[in-house]
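Remarks on the structure that follows.
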Amino acid sequence: MMGNTRMKIMVIDGNSILNRAFYGIRQLSNHEGLPTNAVYGFLATLFKLREDEKPDRTVVCFDVREKTFRHLKFDSYKATRKGMPDELAAQLPVMKETLDAMGVVRCELAGYEADDLIGTISRKADENGDTCVVVTGDRDSLQLIGGGTTVLLVSTKMGQTTYETYDMEKFRERYGFDPIRLIDLKALMGDASDNIPGVPGIGEKTAMQLLHDFGSLEGVYANLEDEKIKKGARAKLEAGAQSAKDSYWLATIDRNAPLALDVANLPEEHRDEAALYELLTRLEFKNFIKKLGLSGAYTAPRLPELRTQRIQNAAEAFGLLDALTEAGRVFAVIPETLGAMCLLEADTAAMLFADDFADADWDALLRRLFGGAIELVLHDAKPVAAALLARGIQPEGIVFDTCLAAYLLDPTQSGYDLPRVALAYCSTELPELDLDDPAAVSPLGGQEQTEQACARHAGAVRAIYQEAASRVEELGMRKLYYEIELPLMRILAEMETVGCAVAPDELRAFGERLDVRIHELIAQIYRDADGEFNINSPKQLGEVLFEKLHLPAPKKTKTGYSTNVDVLERIAEDHPVVPKILEYRQLTKLKSTYVDGLLKVVSQKDGRIHTHFQQTVTATGRLSSTDPNLQNIPVRTELGRELRRMFVAPDTEHVLIDADYSQIELRVLAHISQDAHMIEAFRSGQDIHAATAAKVYHVPLDEVTPQMRSSCKAVNFGIVYGISDFSLAQDIGVTRKEAGEFIRAYLATYPGVAKYMEDIKENAREKGYVSTLFGRRRALPELKSKNFNIRSFGERVAMNTPIQGTAADIIKIAMVRVHDRLLREGLESRLILQVHDELILEAPKTEQETAMRLLKEEMEAAFVMDAPLVAEAKAGHSWYDTK
DNA sequence: AGAATCACG
DNA sequence: ACGTACGTGATTCTG
């Protein structure tokens, strides 16, 4: 049976591919170069290649890291041979375990490198009449090409992995000689990276020429007197004869390693699904679990079996809710449409669908459920709360939100949807469930499956709750969770529901004005550039500016010329088209992102804009705003600021009230660092940037020039971000050295700040995390990275997060206080927006003065600091008018 | 899907 | 010596 059919065997250089993945990731400065990412990269490569190549068998070869046979002969070789970094080598066991679980054959042999094992396997495969695809990142292996053996070369550039198959033909085309002559080439020119000396003085050019003329190393030495060899080269070849011989031997892959592996009878792959699922779960490689079609069924289920109960009768439903009032916490899964509910208490999950009830009954059921008498635990409650508010139902009784808890416990995750959190907290794979999909809840089909799935989701919410609630306590985040984030969730739901009134006609008119000017600019730009092109395309724009018009190109991105505003401003004087492009950029930004973007999201129902505040996105604890983002409405340029005229009070009986904190982050810095000088500057009510300048320049306050103030303002900002001389120099336009001096002078002025910056880094390194004054945490594994860039980033984050995060905590507290007090005082004013250090209310004019005073008071009293908080409130008909 | 750009604090 | 400020989201182009 064997030997009759040609097998396709894929042989992989495990060390090479793993190393490649590791350094590939490290090249990307904003990626964390964690060794497990390299394992991920390796497996990704393996899966992809097996899909593309469809081999019958796969073998992965590894170096055994001690002495190889080459080391025995050449000490120098051993001394400098590049090994695998220890942290990566530490991943080898788990990787080998994974391969074993997949049923992939592994091959390693003491005293041999992976190269030699691959060479030997490919030779044997060839002898058996099989074909062999060698997968490696190492060009040396190209010498193995021939017979049934081809090489698939893997390379990584800028994090992009590319694959290239080399067969005999391709190699000859590329190199101009046979693959086996690669050895001769190395013998002549050497290889610094592999510490093969070659012939001293012979480089790539000469070596290629020699091989071309004489075919092989032997040929070269047999024809040393040939006239084609120049005198100098001849002398070098004579002197380096022994080195050439040694190098030839060093460069040769051993194809006769004493392998125990029976290449003719490689076993069929048998996957151990349970082990593989467990491993991939531990590694958090969920993609692979999905890709391989594994499921949690292979692990012992962590969640108990639940009974499901379908309720379609109104009396029974109200009875259930009465019973739940007496019971413990109820774990609920409810879609945003409010069209169904799954309520888990003890071991029974009750499932109710709106379609089974009269509208009035369903409404009453929702009111009862959220009436406050039942203690509800939900995952991601805000959308449900907002939907209830939109229906005029007050969402009471939500005592825990597992999504919010998971965010507080680790705010750096990329998302917190229930399946993801369930996997992280209780290794449970949840079935798909879309209760918003009318098909799932229609009486026609799939109901039972939906019930089961829903019960499992509710079960997961309970399991997460049990774990997360205690961890919130353990990490000292009880107040942060129950007194800030959870109440805020409800407030955000209200803000989203209320929305913000807009003036769409004025917005359209503004858009038309922009359009007129944009079209003028397009015509002028085409004329100036002597041709049409897509101005929106940085690629085409770069070609026009820097190739066609020959303007100096000051900077490049990884894909080509940089054409950002910094670059264009530097060359604005050099050609009349540049200022027009700058203006075009500005106007099209305003038009497409703001005018068109905002018009698209004006509600059909009430003509207002309802943003969504994200409470579980940022790593620092700030909110973010989406669909639309109302936290980045232009203000810095006069033209952009015009857009704020479109955000208005709904009628002449109302006003907008806007209050913002003055210098909240610097005040937090002063307080946290306890720097006496900075605290004093704030206490005395001075302009902080001017006061800083007076101290740094040693001049009286009234002699501070605008330039001096401006530089110090830049440093004040830079300090908060974790400054470097280079970036400061870039920002304020001085040399790097001057910027460095400036930072030194600044830190001498505020020694408490200097000490804080050092202390926080050390503290973060020791503990592995930083925290805000209110106990919000952010883990910082980056600080332990060997990669300078990653580590430096970690240090800047360690300096910045406590400041930005504490400021975020403070304004959240202010929001809760403002909201509570408006309620307590029976006012109709409503919070509608938050922009990091700014709160906006919509208020009846009759309440204007009261609300302004209240807003300022609550914001300033949110937290008593040594550098006291100051907030200024202003009122106006539009957001523009509150400046 | 990712890169480039630019809007905000 | 390294490569260069923290945190976001939307739009557009491109492979």
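Predicted model, so just to flag it, every value in this text is computed and none were measured. Per chain, numbering begins at 1; letters A, B, ... match sequence-line order.
Using a 4.0 Å heavy-atom criterion, one finds that A:Thr563 contacts the sugar-phosphate atoms exclusively. A:Tyr661 comes within 4.0 angstrom of no nucleic acid atom, judged by non-hydrogen atoms across all strands. Within the nucleic acid shown, A:Ala714 comes within 4.0 Å of at least one base atom, counting heavy atoms only. Contact annotation for A:Ser625: backbone-only contact, meaning every heavy-atom pair under 4.0 Å involves sugar-phosphate atoms and none involves a base. Residue contacts for A:Thr801: at a heavy-atom cut-off of 4.0 Å it reaches no nucleic acid atom on any strand shown. A:Val720 comes within 4.0 angstrom of nothing in the nucleic acid, heavy atoms only. Here A:Ala619 lies in heavy-atom contact (under 4.0 Å) with sugar-phosphate atoms only. A:Leu590 comes within 4.0 angstrom of no nucleic acid atom, judged by non-hydrogen atoms across all strands.
Checking A:Lys600 against A:Arg736, the closest nucleotide of DNA chain C that is more toward the 5' end is the one next to A:Arg736.
Of the candidates B:dG9, B:dA3, B:dT5, B:dG9 carries the atom nearest the A:Val635 side chain, counting heavy atoms from C-beta on. Out of C:dA10, C:dA5, B:dT5, the shortest distance to the side chain of A:Asn629 is found at C:dA10. Considering only the side chain of A:Lys539, C:dG15 comes nearest among C:dC6, C:dT8, C:dG15. Each of B:dC6, C:dG7, C:dC13 was ranked by its minimum atom distance to the side chain of A:Asn536; first place goes to C:dC13. Nearest nucleotide to the A:Ser537 side chain, out of C:dG7, C:dG9, C:dT14: C:dT14. For A:Thr593, the side-chain atoms get nearest to C:dA10 when compared with the rest of C:dA5, C:dC2, C:dA10. Across C:dT14, C:dC6, B:dC6, the shortest atom-to-atom separation from the side chain of A:Val565 is found for B:dC6. Each of B:dC6, C:dC6, B:dA7 was ranked by its minimum atom distance to the side chain of A:Tyr594; first place goes to B:dA7. Checking C:dT12, C:dA10, C:dA5 against the side-chain heavy atoms of A:Lys589 singles out C:dA10 as nearest. With C:dC6, C:dG9, C:dG7 as the choices, the nucleotide that has an atom nearest any side-chain atom of A:Thr620 turns out to be C:dG7.
Annotated stems with DNA chain C as a participant read B:1-9 with C:6-14, given as range with range, by first number; only runs of 3 or more Watson-Crick or G-U pairs under 3.5 Å qualify.
Following rounding to the nearest Å, A:Asp566 (CG) and B:dA4 (C1') show an atom-to-atom distance of 13 Å. A:Leu623 places its CG atom 11 Å from the P atom of C:dG9, with the value rounded to the nearest Å. Between the CG atom of A:Asp731 and the C1' atom of C:dC6 there is a distance of 13 Å, rounded to whole Å. Counting to the nearest Å, the C1' atom of B:dC8 and the CZ atom of A:Phe647 are 12 Å from each other. Taking atom CD of residue A:Gln614 and atom C1' of nucleotide C:dA10, one finds them 14 Å apart after rounding to whole Å. Residue A:Leu582 contributes atom CG, which lies 10 Å from atom P of B:dA7 at whole-angstrom precision. Computed from coordinates, the A:Arg585 CZ to C:dA10 C1' distance equals 15 Å when rounded to whole Å. In this structure, CZ of A:Arg636 is placed 13 Å from P of B:dC6, rounded to the nearest angstrom.
Side-chain contact annotation: A:Glu738 with A:Thr735, donor-acceptor N/O pair under 3.5 Å present. Side-chain atoms of A:Thr611 and A:Ser625 form a donor-acceptor pair, as typed in the model, at a separation below 3.5 Å. Defined by atom type and a distance below 3.5 Å, a donor-acceptor pair is missing between the side-chain atoms of A:Arg791 and A:Ser785.
Note on A:Arg622: every side-chain N or O is 4.0 Å or more away from OP1 and OP2 of C:dG7. A sub-4.0 Å separation between OP1 or OP2 of C:dA10 and a side-chain N or O of A:Ser592 is absent. Phosphate contact (OP1/OP2 of C:dC13, side-chain N/O of A:Asn534, threshold under 4.0 Å): present. For C:dT8, neither phosphate oxygen OP1 nor OP2 lies less than 4.0 angstrom from any side-chain nitrogen or oxygen of A:Gln804.
For A:Gln631 and B:dC8, a side-chain-to-base donor-acceptor distance below 3.5 Å is absent, hydrogens and geometry of angles not being considered.
Near DNA chain C, meaning a heavy atom under 4.0 Å away, the residues from residues 723-730 of chain A are A:Ile723, A:Ser724, A:Phe726, A:Ser727.
Salt-bridge formation is detected for the pair A:Lys856/A:Glu860: a Lys NZ or Arg NE/NH1/NH2 atom is positioned less than 4.0 Å from an Asp or Glu carboxylate oxygen. In summary, A:Arg517 and A:Glu520 engage in a salt bridge, as defined by a charged side-chain N under 4.0 Å from a carboxylate O. The pair A:Glu762-A:Arg765 does not meet the salt-bridge criterion, since no charged nitrogen lies less than 4.0 angstrom from a carboxylate oxygen. The pair A:Asp658-A:Lys874 fails the salt-bridge criterion, with no side-chain N (NZ, NE, NH1 or NH2) lying under 4.0 Å from an Asp/Glu carboxylate O. With respect to the salt-bridge test (charged N to carboxylate O, under 4.0 angstrom), the residues A:Lys555 and A:Glu569 do not qualify.
A distance of about 15 Å separates the P atoms of C:dT4 and B:dA3, rounded to the whole Å. Taking the P atoms as reference points, B:dT5 lies 15 Å from C:dA5, given to the whole Å.
In this structure, A:Lys548 places its NZ atom where more than 12 heavy-atom neighbours from other residues, nucleotides or ligands lie under 6.0 Å away.
Checked against a 6.0 Å centroid threshold, the rings of A:Phe774 and A:Phe863 count as neighbours.
Using bins of under 30°, 30° to 60° and over 60° for the plane-to-plane angle, the ring pair A:Phe546/A:Tyr561 lands in the tilted bin.
Among residue pairs with one or both ends in residues 708-747 of chain A, those qualifying as ring-ring contact (aromatic ring centres under 6.0 Å, His included) are A:Tyr697-A:Phe742, A:Tyr746-A:Tyr750; sequence neighbours excluded.
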